[in-house]
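Quick caveat, the model's predicted, so the values are computed rather than measured. First the proteins, then the strands, lettered A, B, ... as listed; each starts at 1.
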Amino acid sequence: MSSRKSKSNSLIHAECLSQVQRILRERFCHQSPHSNLFGVQVQYKHLSELLKRTALHGESNSVLIIGPRGSGKTMLINHALKELMEIEEVSENVLQVHLNGLLQINDKIALKEITRQLNLENVVGDKVFGSFAENLSFLLEALKKGDRTSSCPVIFILDEFDLFAHHKNQTLLYNLFDISQSAQTPIAVIGLTCRLDILELLEKRVKSRFSHRQIHLMNSFGFPQYVKIFKEQLSLPAEFPDKLFAEKWNENVQYLSEDRSVQEVLQKHFNISKNLRSLHMLLMLTLNRVTASHPFMTAIDLMEASQLCSMDSKANIVHAFNLVLLKVLSLPFKVKKKFDALPLLPHWKSRSISLGNLSYNSNETFK
Amino acid sequence: MAHYPTRLKTRKTYSWVGRPLLDRKLHYQTYREMCVKTEGCSTEIHIQIGQFVLIEGDDDENPYVAKLLELFEDDSDPPHKKRARVQWFVRFCEVPACKRHLLGRKPGAQEIFWYDYPACDNNINAETIIGLVRVIPLAPKDVVPTNLKNEKTLFVKLSWNEKKFRPLSSELFAELNKPQESAAKCQKPVGAKSKSAESPSWTPAEHVAKRIESRHSASKSRQTPTHPLTPRARKRLELGSNPQMSQQTSCASLDSPGRMKRKVAFLEITSPSKRSQPDKLQTLSLALKAPEKTRETGLCYTEDDEASLKRCIILRTRIPASKTIDIKEERILTPIRGGQKSSVMPSVILKPENIKKRDAKETEAQNEATSTPRHIRRKSSVLSMSRIRQQLRFLGHSKSDQEEKEILPAAEISESSSDEEEASTPPLPRRTPRTVSRNLRSSLKSSLHTPTKMPKKSLKPKTPRCATPQIRSRSLAAQEPASVLEEARLRLHVSAIPESLPCREQEFQDIYNFVESKLLDRTGGCMYISGVPGTGKTATVHEVMRCLQQAAQAKDVPPFQYIEVNGMKLTEPHQVYVQILQKLTGQKATANHAAELLAKRFCTRGSPQETTVLLVDELDLLWTHKQDIMYNLFDWPTHKEARLVVLTIANTMDLPERIMLNRVSSRLGLTRMSFQPYTYSQLQQILRSRLKQLKAFEDDAIQLVARKVAALSGDARRCLDICRRATEICEFSQQKPDSPGLVTIAHSMEAVDEMFSSSYITAIKNSSVLEQSFLRAILAEFRRSGLEEATFQQIYSQHVALCRMEGLSYPTVSETMAVCSHLGSCRLLLVEPSRNDLLLRVRLNVSQDDVLYALKEE
């Protein structure tokens with residue numbers, strides 16, 4: 001090995017890099033519950049306490065987690081559930097039912113899914129038999145039979161909760177909330193939604209049965225924290241096999257985060273959206289530029305990635321046009337000169353200007 | 001299974017043979033022999049007391065078998081009716097499926113069982129008798145012969161008392177052997193063309209066949225078309241709503257076969273086709289033995305001593321089995337009888353007296369059987385015959401019709417009201433009117449009651465029948481509350497059932513009085529309860545029902561059946577029928593069928609039954625275009641016999657006026673009650689009563705929550721939830737776990753804020769710079785145009801200008817569009833679908849002032 005040091009060095013680098021890319025991509029793409037909670041510790045505590053009380057004391061609860069897209073609602077609940085399941089006496093004691101408003105588009109499907117996931121006795125294999133009405137009464141009967149102390153708590157997680165509110169009569173929600181408010185099988189109903197007006201969607205009797213607990217995830221961090229998140233997201237974990245490389249990488253990340261141009265890019269990104277998903281997108285694009293010959297990220301990588309992110313889609317299309325098409329495009333401007341009232345597409349105008357002389361010149365030459 | 005072509009499809013006339021003996025005491029005429037004459041045929045069947053007869057059921061292959069004990073004329077009503085008292089036998093197929101295994105062996109094809117079940121109605125219409133059958137009793141050692149050529153011979157070896165099979169007692173055995181000889185010459189050829197001397201064991205069907213044969217050869221004057229009725233048609237006849245039902249006022253349960261028979265007779269259908277009907281079908285129609293009205297009277301015999309002696313023997317053998325039940329029954333009956341038996345204490349110690357008294361009653365009941373059109377016989381008609389006879393001598397007259405009727409329903413109610421009784425009482429799906437059988441719903445579930453069930457089950461793969469709805473139980477017991485706060489939280493949970501409902505005393509009393517009065521008066525009625533959510537409507541009604549059920553157990557009010565349906569727990573309004581029927585009788589049926597069955601049950605007269613209290617929660621969801629459900633729900637109680645009390649709950653006070661048709665709201669009546677939202681002092685009282693002797697809250701904290709909630713909605717659920725949340729906040733905030741937590745005003749304030757504060761402002765505050773500037777651009781555009789709506793294009797130009805002013809980088813259209821849709825997904829903005837692109841219209845979902853306020857803060 002030592003004899004071929006220079007050659008193997010790059011090999012090692014390549015190996016390390018592929019590992020780095022694997023780790024980071026996993027981090028960016030999966031909402032891994034391992035990732036740290038940024039600024040949602042309070043909410044997290046609230047949620048996990050609530051789940052624990054349901055699991056251990058058999059207390060029924062209902063809660064809504066509200067936050068804009070990409071604010072980490074699913075991450076939060078997954079994290080809380082994972083932690084809950086790590087408690088030994090809970091893990092075999094709790095049943096989970098995951099529903100998604102985009103998949104369970106009506107109560108009939110949702111009921112079948114619940115029955116399937118609870119593995120009740122009218123499930124044969126993977127199929128649930130019986131009509132809608134039968135299923136409903138069966139499920140309600142099942143849940144009614146339990147009581148606080150003896151039956152297994154069930155945690156219902158309703159993703160895209162607002163879509164469930166559009167179901168007919170909100171039967172499912174009424175029944176779930178009603179169970180959570182009566183002495184039946186202990187259940188915790190956790191709804192995830194991005195709509196702030198979710199409570200107005202609920203019918204008044206459904207609303208009355210909902211406990212009105214809301215956990216808001218608002219991305220309430222400022223720019224300094226954003227930079228910190230950026231740093232944390234890029235840093236390699238301590239258990240990385242090649243310590244030397246990891247150290248170098250982390251140093252580089254630290255350096256990057258202090259770089260002025262990088263901060264500018266981040267600031268711009270932060271201004272557009274506080275969404276962590278968009279940051280992940282940016283970092284992913286940057287990460288793709290890292291190769292064996294170019295092992296560490298630079299500010300330029302980041303800037304180019306940022307440009308890629310904030311690209312205007314329509315302008316891109318215009319860029320790709322040939323002369324004839326551009327000429328056709330420019331026609332409205334000419335018309336506009338005559339009839340000023342015609343509404344114009346402003347970005348065309350701006351883009352055409354920014355395209356500069358090229359298009360106009362070519363137009364003229366074409367003429 | 002043997003095929004008994006027993007049902008005669010021709011018109012039959014029944015007439016008495018011999019002179020009637022008017023019993024001095026009994027007030028009815030008894031006969032020894034009856035003659036059955038089939039129209040268009042000269043053969044007559046003579047049926048004597050003590051013979052075994054086949055009795056019309058709905059299953060042609062397996063008519064019911066019974067031994068004739070008594071024939072008498074029921075002349076209380078203008079249309080004279082021929083009645084018969086019988087001792088039933090059951091076929092193996094009539095034994096409930098779940099109990100068949102008790103036999104422990106394969107039954108013989110022609111084996112029947114002595115039906116040792118006192119509660120069974122043994123008073124039948126004599127005109128349902130089809131013909132004679134030969135029954136041979138077997139000693140316990142004998143083996144049931146199989147593969148006999150003569151299919152008209154049945155064997156009885158065991159008795160069946162709905163609980164187990166047991167061998168026949170020796171007296172019974174001897175007694176059963178006796179009538180065979182006397183039956184030898186029961187049949188006389190009358191017509192010239194008929195064959196002479198047929199054996200008594202022949203069924204009438206054979207006569208028919210022969211008759212037809214002979215007539216065919218001799219005189220072709222009359223043709224008898226043979227139309228086999230299809231099983232389906234028959235089923236429909238039985239199950240479908242019967243237009244003539246109401247005409248046959250004598251008994252609600254005895255209708256369809258009668259009608260059917262009439263129809264059949266009209267059509268002159270003769271040959272019973274071979275059909276394999278599900279056994280289940282039997283159960284329904286056995287209760288339905290039609291009283292056919294005939295105008296003929298015949299000769300009569302008197303009831304001689306021999307017959308009564310026989311009965312005496314029979315009855316005596318049954319006593320041991322039935323005694324316990326009788327006593328129990330007696331005990332339950334006592335309070336209801338009121339004036340008659342008020343002196344009898346509900347205790348077993350008074351047994352002899354009880355029995356004696358009941359004997360007296362029993363005979364009255366029997367006497368009355370002749371003078372009233374009732375069909376249900378007292379179940380207690382099984383006491384020792386000697387006593388009965390003794391009483392017969394002393395009893396001068398029978399009680400009035402009305403009184404008897406008063407007692408009968410009570411007797412049945414009492415049977416079902418006591419759990420113990422129910423457990424000990426086997427189901428009587430057969431041979432009793434339908435109304436009785438529905439009382440025994442728990443046992444019926446397993447038994448063969450619904451005729452539709454069986455074919456349906458076999459058709460498609462359904463829910464496994466044994467599936468019990470249950471969530472698996474936890475392996476580790478739930479933790480009990482450890483601290484004061486946890487205890488408080490448990491008590492504050494909405495599900496915790498308080499001992500009393502404070503602040504709803506008046507409403508409680510009103511509802512209680514309403515239901516109680518209906519129960520005591522044995523009438524029906526409707527009540528409409530309205531109120532905003534969380535004002536304790538359902539809780540109060542539940543509490544009322546709990547109290548009434550206790551009262552019923554303590555025999556202060558007549559027993560009743562309580563059913564609850566919730567409009568929100570139905571997938572579809574018509575499912576309410578299914579739910580009611582299932583809770584009432586345990587039957588499963590489709591919505592339409594259930595509606596028919598319920599209508600039949602509630603609207604037909606003469607079905608003595610216990611009162612049913614029906615709670616319909618969330619009434620407004622039962623609204624349909626035709627409003628037929630509401631109409632039915634409110635129409636049933638108006639029927640005298642229904643004895644249905646309907647309590648309906650909904651949120652809106654003027655629901656009857658708003659959504660109901662006039663005919664519906666008029667039936668609902670004016671018994672209305674409105675639950676007002678709780679005031680703050682009431683909420684405070686509720687919280688205090690829940691937290692009794694638990695020092696977890698400061699008084700001010702409770703008051704704050706109560707006032708806040710009262711000002712907003714008056715919803716008690718909200719109040720409890722806020723307090724629960726406050727305990728959590730208190731728990732979080734206190735650092736040392738050992739210090740006793742006390743919820744202060746600050747904690748409840750925080751909880752109130754958390755629940756009631758609008759999240760819009762925080763959301764705007766926490767949105768990104770570009771989002772905020774977009775909101776500003778919207779405001780600017782609105783101000784410019786003076787409208788509350790703008791297109792994206794307009795806002796974009798404003799946005800660009802704003803960004804330039806603030807020194808932000810130039811926002812591209814894509815970015816701005818992303819910002820816009822992001823705000824739209826949070827519902828800060830109301831936006832059109834983004835396919836409209838630049839022309840999509842944008843509105844604010846928050847007030848402009850709120851936006852300004854939120855943006856100004858920074």
* A/Lys204 side, atom NZ; B/Asp715 side, atom CG - distance, nearest 0.5 Å -> 12.0 Å
* Report, as yes or no, whether the 6.0 Å neighbourhood of atom NZ on A/Lys144 holds more than 12 heavy atoms from other residues, nucleotides or ligands. => no
* Structure fact -> Scored by heavy-atom pairs under 4.5 Å with chain A, the best of B/Met568, B/Glu754, B/Met755 is B/Met568
* Asked: Is it the backbone or the side chain of B/Arg725 that comes under 4.5 Å from a heavy atom of chain A, or both, or neither?
  -> both
* To do: Could you tell me which non-hydrogen atom of A/Lys268 sits nearest to which non-hydrogen atom of B/Ser809, and how far apart they are?
  => CE-OG, 3.6 Å
* Between A/His216, A/Lys207, A/His46, which shows the greatest number of heavy-atom pairs under 4.5 Å with chain B? -> A/His46
* **Worked verdict on A/Glu200 versus B/Arg827 for salt bridge (Lys or Arg N to Asp or Glu O under 4.0 Å)** => CA-CA 11 Å; A/Glu200 288 152 41; B/Arg827 286 300 189 279; over 6 Å; no
* With sequence neighbours excluded, what pairs up with B/His493 under the ring-ring contact (aromatic ring centres under 6.0 Å, His included) test? -> none
* Asked: Hey, are A/Glu59 and B/Arg724 close enough for a salt bridge, meaning a charged N less than 4.0 Å from a carboxylate O?
  -> yes
* Salt-bridge contact A/Arg205-B/Asp617 (side-chain N to carboxylate O under 4.0 Å) -> no
* Going by atom types alone, do A/Asp312 and B/Ser814 pair a side-chain donor with an acceptor below 3.5 Å? -> yes
* To do: Please state whether the side chain, the backbone, both or neither of A/Leu196 comes within less than 4.5 Å of a heavy atom of chain B.
  => both
* To do: Counting only heavy atoms closer than 4.5 Å, note whether A/Leu140 contacts chain B via side chain, backbone, both or neither.
  => side chain
* Asked: Are A/Pro68 and B/His822 close enough that some pair of their side-chain heavy atoms sits under 4.5 Å apart?
  -> yes
* Asked: Quick one: what part of A/Phe210 sits under 4.5 Å from any heavy atom of chain B, side chain, backbone, both or neither?
  -> backbone
* For residues B/Ser495 and A/Ala183, report the shortest heavy-atom separation together with the two atoms involved. => CB-N, 3.3 Å
* Between A/Arg53 and B/Glu728, is there a salt bridge with N-O shorter than 4.0 Å? -> yes
* Listed by chain and number, what are the ring-ring contact (aromatic ring centres under 6.0 Å, His included) partners of A/Phe270, not counting sequence neighbours? -> A/Phe223, A/Tyr226
* Asked: With no hydrogens and no angle check, is any side-chain donor or acceptor of A/Ser220 less than 3.5 Å from a backbone partner on B/Asn766?
  -> no
* **salt_bridge(A/Asp178, B/Lys569) N-O dist < 4.0 Å** => yes
* Structure fact -> If one checks every heavy atom of A/Thr193 against chain B at 4.5 Å, the contacting part turns out to be neither
* chain B heavy atoms under 4.5 Å from A/Asn169: which part of the residue, side chain, backbone, both or neither? -> both
* Asked: chain B heavy atoms under 4.5 Å from A/Gln267: which part of the residue, side chain, backbone, both or neither?
  -> neither
* Structure fact -> Comparing A/Gln214, A/Arg209, A/Lys108 against chain B, the one with the most heavy-atom pairs below 4.5 Å turns out to be A/Arg209
* Asked: If you look at every heavy atom in B/Asp721 and A/Ser211, which pair is closest and at what distance?
  -> OD2-CA, 3.2 Å
* Please state whether the side chain, the backbone, both or neither of B/Leu570 comes within less than 4.5 Å of a heavy atom of chain A. => backbone
